Amino acid sequence: MKNQIESLLNPKSVAIVGASLTESSVGFVVLKNIKESSFEGEIYPINPKYVNGMGLKFYPSILDTPEIPDLAVIVINSKLVLDAIEECHKRGIRGVYIISAGFKEAGHDGAELEKQLSNKLKEYGIRAIGPNGIGILNNCPENKINASFADNNTTFGKTAYISQSGALGCGVLNMLSDMGLGLAYMVSLGNQCDITTTELIEYFGDNKNVDQILLYIETIKDADKFKEACQKVSKTKPIICVKSGRSDKGAVATTSHTGSLAGSEIVTEAFLKQCGVLRQISLSDMLTTSFAVSKTCVPAGNKTVIMTNGAGPAILAVDKLVDLGIEPIKIPDNLIETLKTFNSPLASYNNPIDMIASATPEVYQKTLDECLKHSEVDIVLLIHLELLGYKSEDIAKSTMTVAKKYPKKTVLSVYITPEQNFDRIIKSNPTMPVYKTVDEAAHAIKQLLRYKNCREADIKPLSGIKLDKAKIKAILDGAKKENRTLLTTHESLEIFKACGLNVCKSMLATTEAEAIKLANEIGYPVVLKASSKVMTHKSDVGAVKVNIKNDDELKKNYSQIIKSLSEHGYSEGLEGILVQQMIKHDKAFVVGLSTDPLYGKVSMFGFGGVYVEVFKDVCFKTLPLTTEDLHEQLYTPKSSKLLMGARGGVKAKMEQIEKALAAVSELSQAFPSIQESDINPLVIEEATGNAVVVDARFVNS
């Protein structure tokens with residue numbers, strides 16, 4: 001696979017099927033771009049209409065070329081593409097790029113044509129990118145080629161850009177050029193009938209000419225493989241991604257709390273984070289982050305200092321950083337004493353370090369040097385306004401010299417200066433990131449710290465969860481024999497017992513007399529719950545009664561449940577009435593599982609009980625969980641602070657909650673037929689801090 005992609009992106013010879021001399025045609029632009037891109041290999045235009053043109057010999061068929069081209073670029077009517085693939089196969093060509101449109105993006109007939117194309121490529125062992133793309137671009141000095149119909153104004157730089165949008169492929173090339181950022185490769189993926197985003201991430205992960213990968217994606221094919229590839233590559237190279245389609249279309253599962261809360265955008269955000277991908281909201285954010293990665297190092301820590309000659313923008317920078325969870329440090333006393341020796345007596349050192357308007361390039365230079373020299377500083381954000389005749393270009397030149405001395409320190413800069421002055425700084429090939437606004441710089445700092453966390457994340461799978469698989473299988477098989485997908489509450493609780501979780505004392509009664517007997521065995525107060533083969537949410541129909549203190553109260557509540565079920569049409573399918581121990585608690589959480597149509601099994605943890613869908617204080621993770629995922633899922637919800645014993649409450653036994661999250665992850669792997677489950681609530685027992693399962697549900701396919 002790697003060798004085939006290598007020859008496709010780094011061809012020594014190329015044929016253009018559909019090359020044209022009509023200037024308004026795509027075939028003309030592609031041929032012209034290849035010829036003018038300093039490509040040193042052989043170029044074979046294919047079109048029986050021409051003999052010669054653009055200083056090249058044309059060939060009537062790809063079968064007529066004097067050698068087997070490494071790459072065939074196909075730019076013809078979609079109805080002729082299958083015939084072209086047939087000829088590529090006969091000629092022995094192993095790599096093609098299909099620019100031609102008119103496939104699945106064009107409707108039913110196009111989708112059927114693309115299916116035939118995919119099958120033919122697999123049959124012949126030809127690797128292809130496309131169809132419906134703008135082409136590929138290789139900017140690497142040893143083998144430059146622009147096999148696309150996009151203009152290329154970029155210079156070489158160690159960035160690969162993969163785009164599922166042709167138009168945005170063109171747009172990003174222009175944006176990179178404007179920012180002075182270089183590019184190694186651009187690949188417009190088109191419809192991904194063969195080579196996918198994942199394969200290109202793997203390829204660029206091992207490519208010596210690539211230090212970072214930019215992505216624009218609309219869909220993810222084979223989420224598990226994508227996740228595996230990104231987790232591996234992101235340990236050494238940042239993957240900076242814009243994922244479009246952020247509207248909430250919802251997941252397939254909607255009957256569980258987890259399913260109803262898990263929309264496509266929420267799960268996408270969780271999934272990409274677990275992949276180690278730095279997701280961005282806009283192309284502008286993506287390039288802001290790319291600029292930072294290109295021009296400075298990943299921070300050793302988050303200890304940030306801001307230096308400026310004007311307080312206003314610096315205070316805005318502090319506010320923005322704090323909003324992003326980055327607290328600028330208190331300037332160390334010994335650093336302040338040093339800075340006072342050459343700064344104005346009017347300077348202040350509360351972070352921001354305000355060197356006031358009279359700060360010269362030399363003062364900027366010395367201040368930056370002392371800050372970077374200090375062991376308590378990881379990041380410096382330098383801000384300059386053009387005041388009192390001191391030019392930003394001079395400040396940039398002097399401070400970049402200093403920053404070079406400290407390759408392990410992170411330095412970013414903001415120059416509030418007229419556009420033409422800023423452009424000159426950009427065109428000087430700055431050796432640190434330079435931005436026009438403090439918001440851009442703060443965003444870049446946040447992304448650099450996110451990438452630091454990605455590299456250090458523990459992606460080891462969870463271990464040590466033992467399931468009684470025989471018991472769980474028997475319960476699932478029993479429901480399947482009755483053609484049931486919904487398990488009863490009693491069956492659901494038994495599954496979690498088989499996972500080794502703390503489940504409250506619970507027994508099933510089929511008569512009132514039996515319920516009284518069981519209540520006395522358990523000990524009052526108790527809870528009564530209907531255990532039904534057809535009902536989802538018991539509280540909604542009055543099928544849960546709590547704090548029952550004696551036999552008389554039990555009789556009354558038992559009859560009320562039976563009556564309510566009858567009134568709501570749920571009498572049929574009643575397995576029995578559960579009699580449960582009443583757990584005294586003041587905190588309730590939810591642990592859930594649902595199935596997303598794109599990302600597979602998803603777990604949820606957060607504030608639970610009957611208000612779970614009101615407060616929505618939950619964290620989602622795609623499964624299986626890693627140790628890092630589990631820790632983040634446990635501590636991300638705001639309500640998780642309650643588990644620490646906030647405001648005098650009992651401290652929860654965190655290892656028991658971790659076990660519940662791990663059990664759901666393990667269940668999803670051991671029994672793929674389980675589509676949904678909820679532990680709701682998982683309560684924290686007031687007396688002991690134990691995490692106890694008091695209600696549960698499962699949906700099994």
Side-chain angles (χ1 to χ4, degrees), residues 255-261 486-497 501-592 607-615 676-686 691-699:
T255 58
S256 70
H257 288 297
T258 310
S260 63
L261 287 171
L486 181 68
L487 272 60
T488 68
T489 303
H490 177 62
E491 290 168 334
S492 300
L493 292 172
E494 289 299 308
I495 287 179
F496 283 120
K497 279 185 187 177
L501 304 188
N502 295 328
V503 177
C504 69
K505 291 179 183 177
S506 181
M507 301 185 207
L508 189 66
T510 55
T511 65
E512 182 184 279
E514 190 177 3
I516 291 171
K517 178 176 176 292
L518 295 176
N520 281 279
E521 287 182 25
I522 292 171
Y524 287 108
V526 296
V527 175
L528 296 182
K529 292 177 183 175
S531 184
S532 171
K533 298 178 181 181
V534 296
M535 181 177 56
T536 300
H537 297 306
K538 300 176 287 293
S539 298
D540 295 347
V541 296
V544 178
K545 303 293 181 181
V546 301
N547 201 25
I548 299 168
K549 301 184 183 67
N550 53 52
D551 292 356
D552 289 339
E553 287 188 12
L554 188 145
K555 291 177 184 178
K556 177 183 175 182
N557 284 282
Y558 189 99
S559 62
Q560 286 178 351
I561 290 175
I562 298 298
K563 181 181 178 183
S564 181
L565 290 173
S566 176
E567 290 173 349
H568 287 88
Y570 287 126
S571 293
E572 189 175 340
L574 180 66
E575 180 187 35
I577 303 296
L578 278 173
V579 184
Q580 290 187 323
Q581 173 190 13
M582 180 80 179
I583 304 291
K584 192 173 182 182
H585 68 278
D586 62 356
K587 292 182 277 289
F589 290 82
V590 59
V591 177
F607 188 76
V610 295
Y611 298 115
V612 58
E613 291 176 37
V614 175
F615 294 109
E676 305 174 26
S677 76
D678 279 331
I679 300 174
N680 187 36
L682 178 74
V683 302
I684 308 305
E685 192 171 19
E686 197 172 275
V692 184
V693 180
V694 299
D695 208 342
R697 65 182 301 282
F698 276 91
V699 174

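Just so we're clear, the structure is a prediction, and the values are computed from it rather than from any experiment.
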Measuring from atom [atom1] of [X] to atom [atom2] of [Y], what distance do you get when rounded to the nearest 0.5 angstrom?
X    : Y    : atom1 : atom2 : answer
S539 : K529 : OG    : NZ    : 8.0 Å
T488 : E575 : OG1   : CD    : 3.5 Å
L574 : I562 : CG    : CD1   : 5.5 Å
F698 : I679 : CZ    : CD1   : 7.0 Å

- request: Go through the side-chain N and O atoms of Q580 and K505 and say whether any donor and acceptor fall under 3.5 Å apart.
  value: no
Could you check whether any side-chain N or O of [X] sits under 3.5 Å from a backbone N or O of [Y], counting only pairs where one atom can act as donor and the other as acceptor?
X    : Y    : answer
S677 : R697 : no
E491 : L487 : no
S531 : H490 : yes
N550 : D552 : yes
Y524 : D551 : yes

task: State whether E494 and K497 are salt-bridged, where the test is any N-O pair (Lys NZ or Arg NE/NH1/NH2 against Asp/Glu carboxylate O) under 4.0 Å.
output: yes
query: When you check the gap from the basic side-chain N to the acidic O, do E686 and K584 get nearer than 4.0 Å?
result: yes
task: Kindly check if the number of other-residue, nucleotide or ligand heavy atoms within 6.0 Å of CD (E572) is above 12?
output: no
- prompt: Could you go step by step and tell me if Q560 and S564 meet the side-chain hydrogen bond (donor to acceptor under 3.5 Å, both in side chains) rule?
  reply: CA-CA 6 Å; Q560 286 178 351; S564 181; over 6 Å; no
field: Verdict with supporting geometry, K533 and L486, side-chain contact (heavy atoms from CB on, under 4.5 Å)
entry: CA-CA 6 Å; K533 298 178 181 181; L486 181 68; over 6 Å; no
